[in-house]
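Start at 1 and go down the list; that is how both ligands and their atoms are numbered.
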Amino acid sequence: MKILLVEDNDSLRQIVEEHMSRAGFVVDTVADGEDAIEATRRVDYDGMILDLGLPSLDGMKVLQRIRLDRDRALPVIIMTARDDVGDRIAGLNTGADDYVVKPFDILELEARLRAVLRRPGSRASEMIEIGNVLVDFGGNDVRIGGLSMDLARRELILLQELARIFPGVVAKDSLEDKLYTHDEFVTANAVEAVVSRLRKKLLAVNADIGISTVRGIGYRLLKGAERELD
Ligand code: CA
């Protein structure tokens, strides 16, 4: 899953980014409010961690603008200063899903993020079953006949994105957005390389699904007999 982290404090931003990346998220980071709004218009994030005290445009205004902008509810966790009970209440009233108070334990932030991502109506509450493959978004897991597949972070995200749209086609551009942060240099065949590794793993565990390349557009999942023909 891809999240946006908005924090102007460099060291805190780095700590949260590193932790969440290790925890399996693809993390875009920005340090101010205008950039945050710009980023949510460009990329379809699964969730957001938002500091309220930001230079120029503060976090509360960012939250207001995002809630006005988007039809789908983007899960948002706000980070607030210790003494600002008023901020926390205002944040929740403005549409934040949860909050942490600084200084917080990074594991608590991760747990709260996962909890809001799992809530009914959010994308991460879904489970999708295609043939013998179960894609569990909340558990961040893929199981074949009950056994978890051993997938690298980008392989898992790729499979989630394809499963979400199945049997539709996912554009290669939008996969690049989901698999890489905006700071990463993405080579022309980067997504293809992840697809290729995932294909091999699906074959190795006798999954009922395969991945088809739709030339010039992107990729789609194929199921069962259709897969044999591809
Ligand atoms: Ca701040």
**Item:** Atom of D51 closest to the Ca ion (ligand 1), considering N, O or S atoms
**Value:**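 This turns out to be OD2.
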**Item:** D8 atom (N/O/S) at minimal separation from the Ca ion (ligand 1)
**Value:**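 Considering only N, O and S atoms, D8 comes nearest to the Ca ion (ligand 1) through OD1.
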**Message:** Any heavy-atom pair between the side chains of L4 and Y45 that's under 4.5 Å?
**Reply:**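 A side-chain contact under 4.5 Å exists here.
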**Asked** With a 4.5 Å limit on heavy-atom distance, are the side chains of D32 and D35 in contact?
**Response**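 D32 reaches D35 side chain to side chain.
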**Item:** Presence of N, O or S from G53 under 3.0 Å of the Ca ion (ligand 1)
**Value:**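 For G53, the answer is yes, given that an N, O or S atom comes within less than 3.0 Å of the Ca ion (ligand 1).
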**Request:** Count the heavy atoms belonging to other residues, nucleotides or ligands that lie under 6.0 Å from OH of Y180, then report whether that count exceeds 12.
**Result:**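 Yes, because the 6.0 Å sphere around OH of Y180 holds more than 12 heavy atoms from other groups.
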**Side chains of T187 and N189, donor plus acceptor under 3.5 Å** =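 Side chains of T187 and N189: pair found under 3.5 Å.
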